[in-house]
Amino acid sequence: MLDFAIFAVTFLLALVGAVLYLYPAFRQAAGIPGITPTEEKDGNLPDIVNSGSLHEFLVNLHERYGPVVSFWFGRRLVVSLGTVDVLKQHINPNKTSDPFETMLKSLLRYQSGGGNVSEKHMRKKLCENGVTNSLKSNFALLLKLSEELLDKWLSYPETQHVPLSQHMLGFAMKSVTQMVMGSTFENDQEVIRFQKNHGTICILTYFQVWSEIGKGFLDGSLDKNTTRKKQYEDALMQLESVLRNIIKERKGRNFSQHIFIDSLVKGNLNDQQILEDSMIFSLASCIITAKLCTWAICFLTTSEEVQKKLYEEINQVFGNGPVTPEKIEQLTLVLYALGVVLQDPNTWPSPHKFDPDRFDDELVMKTFSSLGFSGTQECPELRFAYMVTTVLLSVLVKRLHLLSVEGQVIETKYELVTSSREEAWITVSKRY
């Protein structure tokens, strides 16, 4: 069976160039080379801003101090590992915390995540259950959204340029809002109307909140522009208000559609904890899914051979039948991209070539699987994104050739999550 590997995401889902581990605040950086905090509250955030992005900051830091370096994200000490050899020697200490989630909570100024180990484990377990149950309950919805996008692309002439990033963001937002918050409430027309209204609000506020988290905080521009900052804060408050209403509606009631929030509501969490965990999951899942789908399709358009192999595997597994959860499990989708690590010419013969087969090596697979990219340590948002991306690719590749636009050069833009500097355009043609 084909091991289909796509350059996609790091622990920070940002191609930041290293694996980041968060250590307890009381643990000093003694013995670990690195830099001291520039500011007490923000740590080395000003240095990240001055470098242009987190990725460029880490590249410079590793060039200066070596494969293992330390810096401060806010008041948290972060240790960054930047080579494959170092990764082989290290076991992931983030058993109950996700660095990406921790950074988001810090940027959103959320405070309720600082419980003991057992509480963190319980909350992570609830999130994992939320992903499992919402995907199971809403698989038909996910398939419907994928087929709607397929129908849209099938209607295009072969010469039409498709704005990939824009379409993937819209697809991800629809998937996340409906699977996290639900599409309708049963037997209540007033609530249904409210749900339809806030669906549009959610999509707009998701985009605005994430845009400012990804750029405004990291480049310092948000604090310098009072109008922009107020718009961001208003959007965040509006989204939090929507979530509070949904939490209130779902408490003590049973619905035929199980959504992510239901799993948190049934756990032993207070409303603020439910709100924060729902917000973090929603924002992270939305942007991770959008970027994962975008980069997966982008890289597929660069290799006709890889796309052909994927098409053959999809035909072998699904045949003429529908896409189902059971058959999805028969596909293997391996998603690795560790920035500097995977662009290291000392490790890889062709570090900048799209070559999924590089992960077939047993030693390489063992090295990366120990980091939490597989098994139970995988973050819930990433597992959600894997499934959504797998379903979408299964639907699209079965019916379409995905083609790059001749002459287009896609340059990367490093923020909290890596994106293309300009819109990524593709064209599509029908297989049948």
Side-chain angles (χ1 to χ4, degrees), residues 7-22 29 32-39 41-74 76-87 99-100 102-104 106-107 165 210-225 284 287-288 290-292 294-295 298-299 336-348 350-354 371 409-424:
F7 287 178
V9 276
T10 67
F11 274 117
L12 297 181
L13 278 286
L15 294 179
V16 295
V19 175
L20 304 184
Y21 290 142
L22 298 175
I32 302 176
I35 55 178
T36 56
T38 302
E39 295 182 1
K41 184 182 73 170
D42 294 329
N44 296 117
L45 187 57
D47 303 298
I48 296 173
V49 171
N50 292 334
S51 297
S53 70
L54 184 58
H55 170 77
E56 291 159 312
F57 168 76
L58 287 177
V59 169
N60 294 333
L61 199 64
H62 280 284
E63 287 179 349
R64 183 177 175 187
Y65 292 103
V68 181
V69 299
S70 65
F71 67 98
W72 294 83
F73 191 89
R76 294 297 299 272
L77 174 64
V78 182
V79 175
S80 175
L81 308 182
T83 68
V84 171
D85 287 338
V86 172
L87 299 181
F100 190 76
T102 303
M103 293 176 76
L104 271 181
S106 175
L107 292 172
S165 300
W210 182 260
S211 177
E212 293 297 2
I213 289 174
K215 186 178 188 298
F217 276 114
L218 292 184
D219 68 6
S221 62
L222 186 60
D223 285 329
K224 298 174 184 176
N225 189 321
I287 201 65
I288 290 170
K291 299 307 179 185
L292 184 55
T294 299
W295 286 117
C298 268
F299 283 113
Y336 296 137
L338 292 174
V340 170
V341 175
L342 291 186
Q343 294 175 12
D344 182 5
N346 296 319
T347 303
W348 313 102
S350 303
H352 298 285
K353 179 184 177 183
F354 177 50
L371 303 177
V409 177
I410 298 178
E411 297 182 3
T412 53
K413 178 175 63 175
Y414 300 108
E415 295 174 348
L416 192 58
V417 173
T418 299
S419 60
S420 56
R421 191 169 296 279
E422 305 291 342
E423 178 61 82

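Note that these values count all heavy atoms, side chains included, but never hydrogens, waters or copies made by symmetry.
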*Asks:* How long is the straight-line distance from CG of Asn44 back to CG of Leu61, given to the nearest 0.5 Å?
*Replies:* 8.0 Å

*Asks:* Is there a donor-acceptor pair under 3.5 Å between the side chain of Arg421 and the backbone N or O of Thr412?
*Replies:* yes

*Asks:* Does Pro67 have any side-chain contact (heavy atoms from CB on, under 4.5 Å) partners at least two apart in sequence or in another chain, and if so, which?
*Replies:* Thr83, Val86

*Asks:* Quick check for you: to the nearest 0.5 Å, what is the distance between Lys291 atom NZ and Cys298 atom SG?
*Replies:* 10.0 Å

*Asks:* Residues two or more places apart in sequence or in another chain: which of them pass side-chain hydrogen bond (donor to acceptor under 3.5 Å, both in side chains) with Glu423?
*Replies:* Ser165

*Asks:* Which heavy atom of Ile410 sits nearest to which heavy atom of Ala424, and what is that distance?
*Replies:* CD1-CB, 3.9 Å

*Asks:* Might you point out which heavy atoms bring Gly43 and Pro46 nearest each other, and give the distance in Å?
*Replies:* O-CD, 3.7 Å

*Asks:* Got Ile35 and Tyr65 here, is their nearest side-chain heavy-atom distance under 4.5 Å?
*Replies:* yes

*Asks:* Would you compute the distance between atom CD1 of Ile48 and atom CH2 of Trp72 and round it to the nearest 0.5 angstrom?
*Replies:* 13.5 Å

*Asks:* Measure the shortest side-chain to side-chain distance between Val68 and Val79 over non-hydrogen atoms and say whether it is less than 4.5 angstrom.
*Replies:* yes

*Asks:* Using 0.5 Å steps for rounding, measure from the CD1 atom of Ile287 to the CG atom of Leu292.
*Replies:* 11.5 Å

*Asks:* With a 4.5 Å heavy-atom cut-off, do Ser80 and His62 have their side chains touching?
*Replies:* yes

*Asks:* List the residues meeting side-chain hydrogen bond (donor to acceptor under 3.5 Å, both in side chains) with Asp42, not counting sequence neighbours, and say none if there are none.
*Replies:* none

*Asks:* Just wondering, do Asn60 and Glu63 contact through their side chains at under 4.5 Å, heavy atoms?
*Replies:* yes

*Asks:* I'd like to check Asp47 versus Phe71 (side-chain heavy atoms, cut-off strictly below 4.5 Å). Are they in contact?
*Replies:* no

*Asks:* Compare all side-chain heavy atoms of Thr294 with those of Phe299 and state whether any distance is below 4.5 angstrom.
*Replies:* no

